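Have a look at the structure below before the remarks.
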There are 2 protein chains.
Amino acid sequence: MTRSEENYLKIIFHLGGSDSTPITTNAIAEQMETKPSSVTDMAKKLAEKGLVNYKKYQGVSLTDQGTKTALSIIRKHRLWEVFLVKKLDFSWDEVHEVAEQLEHIKSEKLIDKIDELLEFPKFDPHGDPIPSKDGKFMVRDKQLLSEMPIGGKGVCVGVKDSSAPFLKFLDKNKIALGHTIQVLEIEDFDQSLHIAMEGRELHISHQIASNLYVKKNE
Amino acid sequence: MTRSEENYLKIIFHLGGSDSTPITTNAIAEQMETKPSSVTDMAKKLAEKGLVNYKKYQGVSLTDQGTKTALSIIRKHRLWEVFLVKKLDFSWDEVHEVAEQLEHIKSEKLIDKIDELLEFPKFDPHGDPIPSKDGKFMVRDKQLLSEMPIGGKGVCVGVKDSSAPFLKFLDKNKIALGHTIQVLEIEDFDQSLHIAMEGRELHISHQIASNLYVKKNE
DNA sequence: ACCTATTTTTAGTTTTGTCTAAATTTAATT
DNA sequence: AATTAAATTTAGACAAAACTAAAAATAGGT
Ligand SMILES: [Mn+2]
Ligand SMILES: [Mn+2]
Ligand SMILES: [Mn+2]
Ligand SMILES: [Mn+2]
């Protein structure tokens with residue numbers, strides 16, 4: 001497996017899709033920041049290796065083997081992110097770039113030992129689940145803060161947008177995973193929210209709320 | 001800097017050499033497990049970038065810039081080796097292969113944090129010095145065990161051959177860095193040695209003794 | 001059913017790093 | 001000094017992964 005092949009598989013996985021609704025060449029090209037013609041070439045190569053299903057003009061979907069491989073890269077990526085935050089004091093907006101490199105290190109023992117050192121974390125710093133060695137991962141019952149009703153209360157468990165600017169914005173406003181949030185009011189005019197969090201009140205735009213995941217309290 | 005360029009610089013550094021005694025194309029090719037013609041191509045490219053001095057048929061030597069770059073790769077390699085041994089319980093015969101990959105990760109912050117986590121080690125698991133950020137490293141006063149006189153006593157501080165088979169042999173015979181060794185007798189016939197170490201006596205071949213570094217006691 | 005806009009593929013190039021085979025230079029020996 | 005052997009470079013080719021431009025297929029709208 002080359003680094004490029006691994007990146008393609010990871011991106012195809014993240015784009016979702018299935019045998020019945022395959023991912024388009026264009027969608028992959030956009031995520032890979034490459035041209036559709038390059039994607040076609042790679043689709044053929046990955047199909048040749050049995051990692052994706054590909055029929056001309058129909059798009060691409062992962063085979064079981066391809067899914068397994070994608071999950072193992074994602075597992076490495078997320079474990080390294082946890083490592084960087086927990087052991088090396090990186091902030092959550094700095095880890096992705098480095099993890100993009102570290103996820104390609106080839107050593108099963110290495111990643112298993114990192115997993116052990118971190119005491120087998122189930123989620124990465126952005127709240128995304130970490131697949132186990134055999135490709136299983138937790139699907140947490142979460143919803144976007146923007147979809148919570150007035151009065152709704154929950155714990156912040158993840159971010160949808162995990163770009164550095166958004167994460168830095170959250171830091172600046174002391175919004176962090178694990179904090180309890182209650183929706184106090186929603187403005188009709190622009191869907192902006194008044195929320196209560198950790199004993200203080202703040203006002204956030206709809207755009208922010210629609211990028212924060214919350215786990216509802218029963 | 002590509003991964004290949006980094007590997008060339010590292011190998012040229014390890015081969016020693018200087019402006020007056022440059023490294024031959026063949027020597028580099030052998031270490032890189034590649035062909036001399038490929039080395040010629042790379043020599044031109046590195047010369048173009050100001051990392052090596054190269055004159056046709058005369059061989060290659062590192063410029064200051066090239067030396068600096070080589071040392072930064074070696075620094076990363078050795079720090080990762082320490083990390084693997086100290087934090088992840090790798091044995092010293094397993095770390096090299098993984099460090100060969102990790103040394104190419106591009107993040108100054110990452111390696112500085114690893115350095116800090118390890119409390120700024122000065123030597124790697126094989127006794128090799130770890131260059132500091134500005135390229136300085138300790139040159140320890142050491143000599144080969146095979147060059148010690150009868151009765152000579154010292155602490156084992158490094159290995160010359162750090163191949164897995166040799167390291168495993170040392171483990172099996174409980175020979176480790178930090179142990180005190182005294183030469184009891186040297187066989188005339190085959191230069192093999194009787195040594196005392198950690199309260200026991202053992203017999204080792206000349207070949208073993210000529211791959212162990214010892215720091216003489218004053 | 002036909003035309004058109006969009007998507008996707010093909011064909012041909014480029015760059016990086018490698019190779020083989022041939023040519024050239026250097027070094028060693030007579 | 002001439003010959004020969006060894007080391008080194010050149011020339012031409014290839015595979016991987018990208019690109020551009022042109023051709024082909026699909027999907028939408030009439
Ligand atoms: Mn990430
Ligand atoms: Mn993440
Ligand atoms: Mn090593
Ligand atoms: Mn080492």
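Numbered from 1 within each chain, the chains take letters A, B, ... in sequence-line order. Remember, it's a predicted structure, so these values are computed and weren't measured experimentally.
- Between the CD atom of A/E30 and the P atom of C/dT7 there is a distance of 10 Å, given to the nearest Å.
- B/T25 comes within 4.0 angstrom of sugar-phosphate atoms only, judged by non-hydrogen atoms across all strands, and of no base.
- Here D/dA18 is the nucleotide among D/dA18, D/dT9, C/dT20 with the atom lying nearest to any side-chain atom of A/M42.
- Between A/Y8 and D/dA18, a side-chain N or O to OP1/OP2 separation shorter than 4.0 Å is present.
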Measure all distances between protein nitrogen or oxygen atoms and nitrogen or oxygen atoms of nucleotides 22-28 of chain D, and list the pairs falling under 3.5 Å.
| unit_1 | atom_1 | unit_2 | atom_2 | d |
| --- | --- | --- | --- | --- |
| D/dA25 | O4' | A/Y57 | OH | 3.3 |

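- Side-chain N/O atoms of A/S37 and base N/O atoms of D/dT20 include a donor-acceptor pair closer than 3.5 Å.
- Distance B/Y54 OH to D/dT9 C1': 7 Å, rounded to the nearest Å.
- As judged by a 4.0 angstrom heavy-atom cut-off over every strand, B/S4 is placed among residues touching the sugar-phosphate backbone only.
- B/K133 has a carboxylate O that lies under 4.0 Å from a charged side-chain N of B/D112, or vice versa, which qualifies the two as a salt bridge.
- Phosphate proximity of D/dC19 to A/S38: present, with a side-chain N or O under 4.0 Å from OP1 or OP2.
- Under the 30°/60° scheme for interplanar angles, the aromatic rings of A/F137 and A/F13 are found to stand perpendicular.
- Remark: P of D/dT8 and CG of B/D41 are 15 Å apart, rounded to the nearest angstrom.
- Of all nucleotides listed (D/dA18, C/dT9, C/dT20), D/dA18 comes nearest to the side chain of A/T34.
- Look at A/K76 and A/E108 and you find no salt bridge, because none of the NZ, NE, NH1 or NH2 atoms lies under 4.0 Å from a carboxylate O.
- For B/R78 and B/E103, the salt-bridge test fails: no basic side-chain N is under 4.0 Å from an acidic carboxylate O.
- Between the side chains of B/H14 and B/Q31, not a single donor N or O lies within less than 3.5 Å of an accepting N or O.
- Ranking D/dA16, C/dT9, C/dT18 by closeness to the A/T40 side chain, first place goes to C/dT9.
- Residue pairs meeting the ring-ring contact (aromatic ring centres under 6.0 Å, His included) criterion with at least one partner in residues 66-90 of chain B, sequence neighbours excluded, are A/F83-B/F83, B/H77-B/H96, B/W80-B/F83.
- At a cut-off of 3.5 Å, with distance as the only test, no side-chain donor of B/S72 or B/T69 sits close to an acceptor on the other residue.
- Whole-Å rounding puts the A/K44 NZ to C/dT8 C1' distance at 10 Å.
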